[in-house]
Amino acid sequence: MSKSDAKNDAPKGDEGPGNFIRDIVLDDLQTGKSYGRLVTRFPPEPNGYLHVGHAKAICTAFGLAQLSENGKCNLRFDDTNPEAESTEFVEGIMRDVKWLGFDWGEKAYFASEYFDQLYAWAVKLVEEGLAYVDTRSEGEIRDTRGDFHKPGVNSPFRDRSVEENLALLEQMKNGELDEGSAVLRAKIDMASTDVKLRDPLLYRIKKVPHHRTGDAWNIYPMYDWAHGQSDAIEGVTHSTCSLEFVNHRPLYNWFLKAIGIEEPPRQIEFGRLNLNYTITSKRKLKQLVEDHHVEGWDDPRMPTIVGMRRRGFTPESIRRFMNKIGVSKNDGVVDVGLLEHCLRDHLNDTSKRVMAVLRPLKVTITNYPEDQEDSFDLRYFPPRRDIEVLDTSTRAVPFSREIWVERDDFMKEAPKKWWRLAPGKEVRLRGAALITVQDVVEENGEVVELRCTWDPESRGGAAPDGRKVRGTIHWVSAKHAVDAKVRLYDRLFDHENPAAAENFLEHLNPASLEVIDNAKVEPSLANASPEERFQFQRTGFFVCDGPSKEAGELVFNRTITLKDAWAKLAKK
RNA sequence: UCCGGUGUCGUCCAACGGCAGGACAACGGACUUUGAAUCCGUGAAUCAUGGUUCGAAUCCAUGCGCCGGAACCA
């Protein structure tokens, strides 16, 4: 885990897609507009789990910091609302950011560490007549804010004396006032066309313990009052956030100016990540978990970082994806197919090839002696023309008279262009032998066994006379097979834009999970380690489920299928 | 209806007054002991209307569409 993890995963080949913030930063660096340093930050609120949308924010902020030799990106928890926040989430977020491959240096920052400074600045604003305590109810304040067409009305307390304001603020802080009875507001302009500038709130009373400051505070700063100042305290130069904060920028700048920050950070907004077939609303994700539509935050179907991790995603593939989609101010929807492409691409480069039969069908090789066994040393990685240094490691795969093959690889009546098992057809058992189907054994109309003969001259799978055998299938020796449970995952939603529906739950994909209890996998897989990734040849990429393995159970989660040209052909 | 943001292949991102290009997806072919990967190829877009200009995706004007904004949330 280090900075270098995330350094060399820019898209292969060309310069990659656009990133307007990178252009701004590069320009600022050259023209000296960033005060001779480069500091960014990722500022999550510790009130939930990180998801793929946050991954874009993380890659963006940490990626920008890498633009300069001395650049750095802080991890700062925006913990200004103790009600929903907890150290559990702090730890989870740290684990996720680290897993994604980013390093935030010696320490993580917390907005709560700046509460004293923030308070001192608030006192200063009051003293300068730029803030006042409003002692009306939440409803009254809201009702006098006006709307998009009507200006707001000044609070009757707007012109309290400095002394009175100071005294009231002190009382708020000391817990002498009830929740909801008073707030501190900036004195800006109740008639502004920008509603955000109509005397925004700085502090509200909340007599709630904070997960880091305990009972020290009875008032907590609002987002706008805390964020820019936290950036300033940390010397942040470029403060990136999503488009919904564009409206906050004037306020962000107003506060920094009001308290006299000399090297103010610059807020830059970009379009957040939207993915089709995916939900990234914290509220909805929470609902999925709480209503048990999934098995938890780390359910492999969840777009959370922990979920993706358990699904078998690699951090590299996620970073490459973020590098490919670019950064702009368009509020677009990226095709989840691109994410899947990046996943397959990286897994293809890094996963060991092994054999596993998901839906076993027995094959007996009638002319193979009962007491005989063979063992083939098969490579973990296929030869590739496009890779110079190839891993040539192998493992032994046992072979015997009875083997398991994939039920889907046999058809009683073969359609055109079917190259797999069918009565009378010859296929190759990958790395082992050529076999021909002689008899099909059925029980109650169900095929239960294939009786085949093999060509003893074809050991290893090569055709002795050079005859063309088009079909190659995977297999596992029955005698040596290891039982495993396999979970086949698919997209959680079967609708492009589940969030648009009246009720997004209607679009849950009923086939998002299929559990196979009796898969037959090759013996080498018994030693798979937690989170180890494989390609089950011809079926897809799988990951050894960590929690199950640690509990002594062998379970593989399907990360993603292989592309399937036959399925496409068959549809026509 | 007010303020702000944004409109380029199906999707994402380029082109910054000078031949609209890349990636994913799609389609066709080659190769193949994974119907994978790899390789080659094809189709596919400037929101609309007017203006400026030798020349406009780019500049100007008007219109239209989409997104965000009136939390004691972030």
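In the text below, chain A, chain B and the rest are named by the order of the sequence lines, each starting its count at 1.
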Q) Heavy-atom contacts under 4.0 Å between residues 195-206 of chain A and RNA chain B, which residues? A) Val195(A), Lys196(A), Leu201(A), Arg204(A), Lys206(A)

Q: Mind running a 4.0 Å heavy-atom check of residues 50-59 of chain A against RNA chain B and sending the residues that fall below it, in number order?
A: none

Partner set under side chain to side chain contact (heavy atoms under 4.5 Å, CB included) for [X], not counting sequence neighbours:
X: Asp409(A); value: Glu406(A), Arg420(A), Ile473(A), His474(A), Arg538(A)
X: Ser375(A); value: Ala396(A)
X: Ser181(A); value: Leu177(A), Asp178(A), Ile205(A)

Q | Euclidean distance for P, rG50(B) against rG55(B) (whole angstrom) | A |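 Those two atoms are separated by 16 Å.
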
With a 4.0 Å cut-off on heavy atoms, is [X] in touch with a base, just the backbone sugar-phosphate, or nothing at all?
X: Glu45(A); value: sugar-phosphate
X: Gly180(A); value: base
X: Arg136(A); value: base
X: Asn81(A); value: sugar-phosphate
X: Arg344(A); value: nothing
X: His474(A); value: nothing
X: Val183(A); value: base

Q: Give the ring-plane orientation class for Phe110(A) versus Phe77(A), where under 30° counts as parallel, over 60° as perpendicular and anything between as tilted.
A: parallel

Q) Which residue, Ala567(A) or Gly326(A), contacts RNA chain B at a nucleotide closer to its 5' end, judged by nearest heavy atom? A) Gly326(A)

Q: Using the closest heavy atom to pick a nucleotide of RNA chain B for each, name whichever of Leu243(A) or Met222(A) lands nearer the 5' end.
A: Leu243(A)

Could you tell me whether [X] sits above the aromatic face of [Y], with NZ or CZ closer than 6.0 angstrom to the six-membered ring centre and within 45 degrees of the axis?
X: Arg353(A); Y: Tyr380(A); answer: no
X: Lys352(A); Y: Phe534(A); answer: no
X: Arg491(A); Y: Tyr277(A); answer: yes

Q) How does RNA chain B look in dot-bracket notation if pairs are Watson-Crick or G-U with both distances under 3.5 Å, crossing ones as [ ], other-strand ones as |? A) .((((((..((((....[..)))).(((((.......)))))....(((((..]....))))))))))).....

Q | ring pair (Phe, Tyr, Trp, His ring centres under 6.0 Å) against Phe410(A), all qualifying residues, sequence neighbours excluded | A |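 Partners of Phe410(A) under the ring pair (Phe, Tyr, Trp, His ring centres under 6.0 Å) test: none.
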
Q) Who are the ring pair (Phe, Tyr, Trp, His ring centres under 6.0 Å) partners of Phe381(A), not counting sequence neighbours? A)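 Ring pair (Phe, Tyr, Trp, His ring centres under 6.0 Å) check on Phe381(A) returns nothing, list empty.
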
Q.
At less than 3.5 Å, do the side-chain atoms of Asn247(A) and the base atoms of rG4(B) form a donor-acceptor pair?
A.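 For Asn247(A), whose side chain was compared with the base of rG4(B), there is no donor-acceptor pair (under 3.5 Å).
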
N/O to N/O distances under 3.5 Å, protein versus nucleotides 27-29 of chain B:
unit_1	atom_1	unit_2	atom_2	d
rC27(B)	OP2	Lys568(A)	NZ	3.2

For nucleotides 7-10 of chain B, list the nitrogen or oxygen atoms of the protein found under 3.5 Å from its nitrogen or oxygen atoms, one pair per line.
unit_1	atom_1	unit_2	atom_2	d
rG7(B)	OP1	Asn330(A)	OD1	3.3
rG7(B)	O5'	Asn330(A)	OD1	3.2

Taking only N/O atoms, report every protein-nucleotides 32-34 of chain B pair under 3.5 Å with atom names and distance.
unit_1	atom_1	unit_2	atom_2	d
rU32(B)	O4	Arg470(A)	NH2	3.1
rU33(B)	O4'	Arg428(A)	NE	2.8
rU33(B)	O4'	Arg428(A)	NH2	3.2
rU33(B)	O3'	Arg430(A)	NH1	3.2
rU33(B)	O2	Gly431(A)	N	3.0
rU33(B)	N3	Gly460(A)	O	2.7
rU33(B)	O4	Gly460(A)	O	2.4
rU33(B)	O4	Gly461(A)	N	3.2
rU33(B)	O4	Gly461(A)	O	3.4
rU33(B)	O4	Ala462(A)	N	2.6
rU34(B)	O5'	Arg430(A)	NH1	3.1
rU34(B)	O2	Gln535(A)	OE1	2.9
rU34(B)	O2	Arg538(A)	N	2.9
rU34(B)	N3	Gln535(A)	OE1	2.4
rU34(B)	O4	Arg353(A)	NE	2.4
rU34(B)	O4	Arg353(A)	NH2	3.2

Q.
Once side chain to side chain donor-acceptor pair (under 3.5 Å) is applied, do any residues pair with Lys196(A), and if so which ones, sequence neighbours excluded?
A.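 Checked Lys196(A) against side chain to side chain donor-acceptor pair (under 3.5 Å); zero matches.
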
